[in-house]
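This report concerns only the one structure given below.
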Amino acid sequence: MQSSLSLSFSHSSAAPAISRSPHYSQCFALTDSGRLLDFRFCGLRREALGFTSLKLSDNNRRVQLPSRRHFKTVAAALSDNGAPPKSFDYDLLIIGAGVGGHGAALHAVEKGLKTAIVEGDVVGGTCVNRGCVPSKALLAVSGRMRELQSEHHLKSLGLQVSAAGYDRQGVADHANNLASKIRSNLTNSLKALGVDILTGFGKILGPQKVQVGSSNNIVTAKDIIIATGSVPFVPKGIEVDGKTVITSDHALKLESVPDWLAIVGSGYIGLEFSDVYTALGSEVTFIEALDQLMPGFDPEISKLAQRVLINPRNIDYHTGVFASKITPARDGNPVIIELIDAKTKEPKDTLEVDAALIATGRAPFTQGLGLENIDVATQRGFVPVDERMQVIDAKGNLVPHLFCIGDANGKMMLAHAASAQGISVVEQVTGRDYVLNHLSIPAACFTHPEISMVGLTEPQAREKGEKEGFEVSVAKTSFKANTKALAENEAEGLAKLIYRPDNGEILGVHIFGLHAADLIHEASNAIALGTRIQDIKFAVHAHPTLSEVLDELFKSAKVKAQASSPVSETVAV
């Protein structure tokens, strides 16, 4: 899934690469031409929730729990760093214990690899500690508040509820406690499966050698995965004080609920936080560099989402402008935001608000990795890799036994994409040539209602069809025709299928509506498995369920190709 996305920040002739936060369900990367590619995420393996039983594929025996190996310090002279070691401490060493590193480690254990993971901060990375996990806790609260505040909705269901209120600290504690629980589960699952957790910052010294923390701690591994993630990007001219001018890292702590909040950027992060803050009573102003809000979505979905998520709420917006300077509140003065025209760079307006949230994206965290020791040069901070996630050096050659996954490579900045990339690398190093299809990776924005997508937008699909010479068709279905959505009185929504009518290939699916984030996986799995519409339309869906939205969507498609032969014989019951 790739689509252009907006940024709202001051103009700079040497702007670093940024990406919409992989913190949540969204992420973006800046291309060489300056075009933003829109991706998104958050996936945790079941072991993160405390389920640690795995089978090793080589002999089908269960892992003994627990079996914790201990960190070895290997004495190695720095002068020897240019040559690969003859024997190794580990089969696989992963630098970074976020969702990507965690997923790779668990799969490595399943494949029988002796594995260690290096972490200089806390296990869980951005997603668990400062991203999708705590944000979903806040969004759960905003969803409940919206239900309780909607007198019309409650009355239609025959319900009467007194005025709803909330305790700010209680809401903040809910988000923090969830992050702590998941972080603990991740840590325990790694330990229980025998993955060594090496504490300290990892630095590559040479082929298959990594320094962990102090210069005396050197570890060798047959294969190494870089999974260091990303950090918030703050554009030039914006002063962050962590109180009145904040990033998503600060916002997730919910230390205050301002009366008037400006959100710089109307992508996934901005949308989700607008959902949270308006439900809790704030007025929100979006500041968007492009001429329309939510430019990263399929245009038809974006138009509908604006009508439902923006227009009826206490939200206004400025489009086509940069926030050239933002000054925090001090000495009794409000936060001051200076706006300039995105095209002419002429002064446009000045806003005075209670707080400003910077949602302009994220930058890869790759400094200090020692990449220069193996002749690897980053591109706008990202580590260059091929389709198998293998690192490419400054001369364009593949670096043996070195891979990079997740936000650090910029291919698709989503937590579950990082995990999938990590699994694909483990498949590579254990002998299976597996290449991940990034167009099959779904993404979601957890507003109320939700937005989800997989594959191409309609403009992207039509551009591809024009270049490659095939026809593109579109099918749509409404939530208003779904029994379960009507029973919930949540029938505002649309599902859209973009496909090839000649062969039934699914090019993209976009959903706006109740539980869209859960519904998208039928489509993403179909793309991943290469299932065509003429086959999937015979799948049976329970009635009445929201899944029938997808059932009707696939059935409404007009495909010229015939269905494939049944996979299995008919079974009489």
Side-chain angles (χ1 to χ4, degrees), residues 5-9 20-21 23-26 135-136 138-146 149-150 164 166 168 171-172 175 232 238 240 243-297 302-323 326 328-329 334-339 348-361 445-451:
L5 190 68
S6 67
L7 293 175
S8 303
F9 55 89
R20 294 287 189 191
S21 175
H23 269 65
Y24 313 93
S25 42
Q26 62 254 36
S135 71
K136 297 306 142 324
L138 296 183
L139 284 160
V141 172
S142 71
R144 299 296 192 281
M145 284 295 293
R146 290 194 184 283
Q149 291 170 344
S150 178
Y166 70 91
R168 182 199 58 78
V171 175
I238 297 178
V240 173
K243 298 295 182 181
T244 60
V245 180
I246 59 177
T247 67
S248 54
D249 285 5
H250 307 107
L252 290 168
K253 299 176 183 178
L254 201 70
E255 293 183 348
S256 66
V257 179
D259 291 334
W260 186 4
L261 174 70
I263 300 179
V264 185
S266 65
Y268 302 95
I269 296 293
L271 277 178
E272 289 188 349
F273 274 113
S274 75
D275 195 289
V276 170
Y277 280 103
T278 54
L280 298 182
S282 298
E283 294 184 20
V284 167
T285 295
F286 275 117
I287 299 172
E288 174 57 56
L290 296 188
D291 293 332
Q292 66 181 56
L293 295 176
M294 297 177 281
F297 299 92
S302 177
K303 183 178 180 180
L304 176 59
Q306 181 170 336
R307 180 168 65 82
V308 176
L309 301 177
I310 303 295
N311 296 345
R313 300 179 181 179
N314 291 327
I315 299 175
D316 66 355
Y317 50 87
H318 299 262
T319 57
V321 295
F322 287 128
I326 300 182
V335 174
I336 299 175
I337 304 175
E338 298 178 21
L339 303 179
K348 192 76 177 287
D349 202 353
T350 299
L351 302 179
E352 294 184 353
V353 298
D354 297 307
L357 168 60
I358 313 306
T360 50
C445 183
F446 294 85
T447 48
H448 297 89
E450 297 173 342
I451 309 171

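When reading the values below, keep in mind they use all heavy atoms of this one structure, side chains included, and skip hydrogens, waters and symmetry mates.
To the nearest 0.5 angstrom, I315 atom CD1 is 4.0 Å from I310 atom CD1. For the atom pair OG1 (T278) and CG (N314), the distance works out to 7.5 Å, reported to the nearest 0.5 Å. C445 SG to E272 CD: the interatomic distance, rounded to the nearest 0.5 Å, is 4.5 Å. For the atom pair NE2 (H448) and CE (M145), the distance works out to 12.0 Å, reported to the nearest 0.5 Å. Note that CD of E283 and CG of L261 are 11.0 Å apart. Values are rounded to the nearest 0.5 Å. Remark: E338 CD to K348 NZ distance equals 15.0 Å, nearest 0.5 Å.
I337 and A356 get closest at one heavy-atom pair: CD1-CB, 4.2 Å. The two residues V264 and I358 make their nearest non-hydrogen contact at CG2-CD1, 3.9 Å. The shortest heavy-atom contact between A251 and F273 is CB-CE2, 3.5 Å. Considering every non-hydrogen atom in both F297 and S302, the closest pair reads CB-CB, 4.1 Å. Annotation for Y277 and V284: closest pair CB-CG2, 4.4 Å, computed over non-hydrogen atoms. Of all non-hydrogen atoms in S282 and V257, the two that sit nearest each other are OG-CG1, 3.3 Å.
Few gaps surround CZ on R168; more than 12 heavy atoms of other groups in view lie less than 6.0 Å from it.
Of the possible polar contacts, none joining the S256 side chain to the P258 backbone as a donor-acceptor pair under 3.5 Å is found. Formation of a donor-acceptor pair under 3.5 Å by the T247 side chain with backbone atoms of D249 is found in this model.
The closest side-chain heavy-atom distance from D349 to L351 is below 4.5 Å. For the pair I246 and V240, the minimum side-chain heavy-atom distance is 4.5 Å or more. L309 places a side-chain heavy atom less than 4.5 Å from the side chain of P449.
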| query | Going through the checks in order, is the side chain to side chain donor-acceptor pair (under 3.5 Å) test met by D275 and S142? | reply | CA-CA 7 Å; D275 195 289; S142 71; 2.9 Å; yes

| message | Assess the residue pair H250 and E255 against the criterion (side chain to side chain contact (heavy atoms under 4.5 Å, CB included)); give the C-alpha distance rounded to whole Å, side-chain angles, the decisive distance to 0.1 Å, and a yes or no. | response | CA-CA 8 Å; H250 307 107; E255 293 183 348; over 6 Å; no

| query | side chain to side chain contact (heavy atoms under 4.5 Å, CB included) between L280 and L254: does it pass, once the steps are laid out? | reply | CA-CA 11 Å; L280 298 182; L254 201 70; 4.1 Å; yes

| query | Are V335 and I326 close enough, and set up right, to give a side chain to side chain contact (heavy atoms under 4.5 Å, CB included), and what steps lead you there? | reply | CA-CA 7 Å; V335 174; I326 300 182; 3.8 Å; yes

Result block: side-chain N/O donor-acceptor pairs under 3.5 angstrom for residues 316-323, not counting sequence neighbours:
{"from": "D316", "atom 1": "OD1", "to": "T285", "atom 2": "OG1", "distance (Å)": "2.5"}
{"from": "Y317", "atom 1": "OH", "to": "Q306", "atom 2": "NE2", "distance (Å)": "3.2"}

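Taking the six-membered ring where the residue is Trp, the centroids of F446 and Y268 are separated by 6.0 Å or more.
Judged by distance alone, the side chains of R313 and S274 never bring a donor and an acceptor atom under 3.5 Å apart.
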